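Structure record follows, encoded as structure tokens.
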There are 2 protein chains.
Amino acid sequence: MKEQFKLDNQLCFRLYTASRLLTQAYHPLLSEHGLTYPQYLVLMVLWEKDAQPVNDIAKRLMLETNTVTPLLKRMELQGILTRSKGSADARQVIITLTEKGQNLQNLLADVPMKVGSAVICKSVTSDTVPALFGMLDDIIAKLDN
Amino acid sequence: MKEQFKLDNQLCFRLYTASRLLTQAYHPLLSEHGLTYPQYLVLMVLWEKDAQPVNDIAKRLMLETNTVTPLLKRMELQGILTRSKGSADARQVIITLTEKGQNLQNLLADVPMKVGSAVICKSVTSDTVPALFGMLDDIIAKLDN
DNA sequence: TCTATTTATATCGTTTGCGATACAAAATTA
DNA sequence: TAATTTTGTATCGCAAACGATATAAATAGA
């Protein structure tokens, strides 16, 4: 058995597992409001800057539009946002938060701290998080084509 | 806009993105052999120790059996592994690699290095990877219930 | 032993994620 | 201007993930 194939030597498996488990930690907090984690990501994008075309949201999340489009349609059905034709460019679909979508920011106010405290451990503290962020950002930048 | 909701402050989004992009880096190397990344994970588990029940594979990958069962069935259809009733415990389904499944270890021999070299960057080197592994392992351990 | 509970898998339904493709609007070029 | 290419979004199909639930086999308790 080649050393390179050992599961314990895999960076990708660690990222994949950490990502899944941390997303699962969000689940009870988000499902309470009918949201999924990717939908929560869309909300964070729109809270930062409302009224963006589909493409800008997809780029910010580094996802393809064929992932984001149906996701946004489900959020529209929930009354969280609206989809309207762009006036300057008729191909664009502009996504705008409804009042319900705006209000979710208040309803979810305690989510970041609750999840954050679930992750703090020996090697992951306020001191080491910047280094971790730096490494993950470098990996993402290196793989972003 | 609350600071905690900024996308740039999110650990989970970074893990989610790094995981997706790194998995995408495996895609051309694996699809060449008709494999997906989760199927490659199953192969690594079985190369380490063949003839395991579904549950042990799921536990090793920290996945639920309802994820692993259909995945294994697709791999069985491809002739990569076989599913047989356990002799000691008739509830168990024992997963065993076929010769094709064994041989994939040789065909995929260069995958770890190819992907590994795609990730090496300023802050992620052979010196810093142990620290990164440690932090990810701690996060996983903290979230593993 | 007989019943109740636990365990190992599987099935079902929904949401992602993404490659491939389609299509109309805009931009570019001839 | 007419033809071509590019761009923004959407549709389709398939493979994960996972919560909820089902089912049969094994185990524990009465």
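Computed over heavy atoms, backbone and side chain alike; hydrogens, waters and symmetry mates excluded. Here is the naming used below: chain letters follow the sequence lines, and residue numbers restart at 1 for every chain. Because the structure is a prediction, the values reported are computed rather than measured.
Nucleic acid contact class of A:Asn55 (heavy atoms, under 4.0 Å, all strands): sugar-phosphate only. Residue contacts for B:Lys59: at a heavy-atom cut-off of 4.0 Å it reaches no nucleic acid atom on any strand shown. At a threshold of 4.0 angstrom between heavy atoms, the contacts of A:Asp89 are confined to the sugar-phosphate backbone, with no base atom among them. Looking at heavy-atom distances under 4.0 Å, A:Pro53 makes contact with sugar-phosphate atoms alone, never a base. Contact annotation for B:Thr36: backbone-only contact, meaning every heavy-atom pair under 4.0 Å involves sugar-phosphate atoms and none involves a base.
When each of A:Ala88 and B:Gln24 is assigned the nucleotide of DNA chain C bearing its nearest heavy atom, the one mapping closer to the 5' terminus is B:Gln24. Nearest-nucleotide positions on DNA chain D for B:Ala90 and B:Leu63 put B:Leu63 closer to the 5' end. Summary of the strand contacts: A:Thr65 and A:Tyr16 both lie near DNA chain D, and taking for each the nucleotide with the nearest heavy atom, the more 5' one is attributed to A:Thr65.
When the nucleotides D:dG19, D:dA10, D:dA15 are ranked by their closest atom to the side chain of A:Thr69, D:dA10 comes out on top. Looking at the side chain of A:Arg91, the nearest of the listed nucleotides D:dA10, D:dC18, D:dT6 is D:dT6.
Here B:Asp50 pairs with B:Leu46, B:Thr96, B:Leu97, B:Gln102 under the side chain to side chain contact (heavy atoms under 4.5 Å, CB included) rule; sequence neighbours left out.
The nearest whole Å value for the distance from the CG atom in B:Leu71 to the P atom in D:dC18 is 12 Å. In this structure, NE2 of A:His27 is placed 7 Å from P of D:dA20, rounded to the nearest angstrom. Taking atom CG of A:Asp56 as the reference point, atom P of D:dG8 lies 9 Å away to the nearest angstrom. Between the P atom of D:dC14 and the CG atom of B:Leu35 lies a distance of 18 Å, rounded to the nearest Å. Summarising the geometry, the separation between CG on A:Leu22 and P on D:dC18 is reported as 12 Å, rounded to the nearest angstrom. Here D:dT11 presents its C1' atom at 8 Å from NZ of A:Lys73, a figure rounded to the nearest Å. Going from atom CG of B:Leu61 over to atom P of D:dC18 covers 11 Å, rounded to whole Å. Rounded to an integer number of Å, the gap from OH of B:Tyr40 to P of D:dA16 is 15 Å.
When atom types are taken as modelled, the side chain of A:Gln10 and the backbone of A:Gln4 share a donor-acceptor pair closer than 3.5 angstrom.
In plain terms, the two heavy atoms of B:Ser31 and B:Pro28 that are nearest each other are OG-O, 3.6 Å.
Here the side chains of A:Arg83 and A:Ile95 are in contact, with some heavy-atom distance below 4.5 Å. Between A:Ile80 and A:Val42, the closest side-chain pair of non-hydrogen atoms is not below 4.5 Å.
Between B:Tyr40 and B:Trp47, the ring-plane angle classifies as perpendicular under the 30° and 60° cut-offs. Relative ring orientation between A:Tyr26 and A:Tyr37 is described as tilted, the plane-to-plane angle lying within the 30° to 60° band.
In the 5' to 3' direction, nucleotides of DNA chain C lying under 4.0 Å from heavy atoms of chain A begin and end at C:dT15 to C:dA26.
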Does the pair B:Lys6 and B:Asp8 meet the rule for a salt bridge (Lys or Arg N to Asp or Glu O under 4.0 Å), with working shown?
CA-CA 5 Å; B:Lys6 278 185 144 176; B:Asp8 290 337; over 6 Å; no
